[in-house]
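Notes follow the structure.
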There are 2 protein chains.
Amino acid sequence: MNDASAGVQSVDRALTILEVLARVGEAGVTEIAGELGVHKSTAFRLVATLESHRLVEQTTDRGRYRLGVGVLRLAGATTARLDLVQEARPVCRQLAADSGETVNIAVLSESSALYLDQVAGSSALQPHNWVGQHIPLHATSNGKVLLSGLDDKRVTEVLGTLSRYTPMTITTKAKLRAELEDVRERGYAVAVDELEEGLTAVAAPIRNAHGDVIASMSVSGPTFRLPDPRVEEVLPLLLTAAEEVSHRLGWGHR
Amino acid sequence: MNDASAGVQSVDRALTILEVLARVGEAGVTEIAGELGVHKSTAFRLVATLESHRLVEQTTDRGRYRLGVGVLRLAGATTARLDLVQEARPVCRQLAADSGETVNIAVLSESSALYLDQVAGSSALQPHNWVGQHIPLHATSNGKVLLSGLDDKRVTEVLGTLSRYTPMTITTKAKLRAELEDVRERGYAVAVDELEEGLTAVAAPIRNAHGDVIASMSVSGPTFRLPDPRVEEVLPLLLTAAEEVSHRLGWGHR
DNA sequence: AGAAACTGTTTCGATCAGCGCAACACTGAT
DNA sequence: ATCAGTGTTGCGCTGATCGAAACAGTTTCT
């Protein structure tokens, strides 16, 4: 049922209560006691202590308990320290090392993708630095991932005209919409020679605690170095990296 | 500094550690032990237990500790269960999309405004995550709206000294009272440069089935992007959004 | 280099905090 | 009125928890 390696049991039980409440939403003292395998009174005292720190509060009607605003307060302090770039950087470094290619982090910003961070791959020729640049959404893997997090209505709002950059660029909204559907289904996006000939990129979503797509992480490099089979190799690395960052930002189960 | 009525001391100390970390961001075992007035080893064991639940994590470089992702996971569960946030979130999203600015939900908590949720606007960088923070009531549009829902007697109880943050901050109770009267009449509140220079916000009340003001919804952004005429444009969007949430909470049907 | 002064971590025995028990107050249903 | 629930509280016993001291590393000073 529980991990044997606890530490301070009393604290361990209290924290387990928080997890139980997170799972079931609301619970009474008796129910909690049952879940922990301890006596009612024990559960009560633990809950009372949690309550004194406002981590739980009891509903007015019937003495049941739920998570309280103290949690949000802690979360506020957490996100202040755990911002996207700071959390993503070590993961990006690892991914860049493992794949040997350049890794980028981008967010949606005013109808384009804004590149927030970049970690160069191990290769000799350095790509140019995208950080701070606004890049069209429809012609990049990052852009497609970011768009895939929006509903159709917002996609329409955000998209202007789909400029052509190469013969491979997607320029019709219908085709783009179909592509976005694929991205949502597969959980990643690929762009080969769509923005620039000879440039291949693959991107995956980064989600926050609510499950919203708040950013995109990509691996990119010259097309000759990233042919289809190589992309297939890199993909699982990218996906686990993006998921790792999502988890750090609170994207838990359920 | 500490409340004498603790409950389970072991748990109380552990939770205090979380609060300390929320305040200072990062701390070592020794520092934490000093703050609690306990021995190093005690602090260590408590921290280790918190770590096993991922509520704190250890920075790689130097063995210091900070709040971890477990907090965010709990926060996600908390907002999911608070009916207010759950009902408000889609409306906030829409409002953020329509206005392009950041939308917040705040409630009254312990003589200050507690920010429960935030949806970032389409602008480039995330402004500042207010969620979980306690903000002074007299210097924010949200605060004024929340105060406007109280009668004069309760306003007096809740208000302490009105600290000055900028030259625009309202610092006399008489002036604030007059402002609150205006807010009640108009049904919204504005704050330009009152908490922070260059920050403009406009807020409207969210009411429950009884008509009480239970929360406040705001649109905020840099003053240069929200001059008077722009505020006038955003206002109707905000008012209908706030009313929509109020309706979802049961306000309106007799 | 070496020592001193810091870290965080581990071990261990004494002790007091925290546990289970049982009684309590209360609500709603039978 | 009785029962079956709830959350809450006082009280002794006991083992989980605490603090001291030793350990294993860094960084800093001499």
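Below, each value reflects all heavy atoms present in this structure, side chains not excepted, and no hydrogens, waters or symmetry copies. The chains referred to below are lettered A, B, ... by the order of the sequence lines, with proteins before strands, and numbering in each begins at 1.
- By the salt bridge (charged side-chain N to carboxylate O under 4.0 Å, His left out) test, Arg230(A) pairs with Glu233(A), sequence neighbours left out.
- Between the CG atom of Leu46(B) and the C1' atom of dG19(D) there is a distance of 13 Å, given to the nearest Å.
- OP1 or OP2 of dT7(C) has not a single side-chain nitrogen or oxygen of Gln58(B) nearer than 4.0 Å.
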Worked verdict on Tyr115(A) versus Ile105(A) for side chain to side chain contact (heavy atoms under 4.5 Å, CB included)
CA-CA 6 Å; Tyr115(A) 281 68; Ile105(A) 295 284; over 6 Å; no
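- Comment: Glu181(B) does not engage Arg177(B) in a salt bridge, judged by the lack of any side-chain N to carboxylate O separation of less than 4.0 angstrom.
- A straight line from CZ of Phe44(A) to C1' of dT6(D) spans 12 Å, rounded to a whole angstrom.
- The distance from atom CZ of Arg64(B) to atom P of dT7(C) is 10 Å, rounded to the nearest whole Å.
- For the side-chain contact (heavy atoms from CB on, under 4.5 Å) test, residues two or more places apart in sequence or in another chain that qualify with Ala96(A) are Val103(A), Val119(A).
- Residue Ser10(A) places no side-chain N or O under 4.0 Å from the OP1 or OP2 atom of dA17(C).
- Applying the 4.0 Å criterion to OP1 and OP2 of dT9(C), one finds that Tyr65(B) has a side-chain N or O inside that range.
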Look for any protein N or O under 3.5 Å of an N or O in nucleotides 20-22 of chain C and output each such pair with its distance, or none.
from	atom 1	to	atom 2	distance (Å)
dG20(C)	OP2	His39(A)	N	3.3
dG20(C)	OP2	Thr42(A)	OG1	2.0
dG20(C)	N7	Ser41(A)	OG	3.1
dG20(C)	N7	Arg45(A)	NH2	3.4
dC21(C)	N4	Ser41(A)	OG	3.2

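- Salt bridge Asp117(B)/Arg89(B): present, at least one basic N to carboxylate O contact under 4.0 Å.
- Salt bridge status for Lys40(A) with Glu31(A): absent, with no side-chain N to carboxylate O gap under 4.0 Å.
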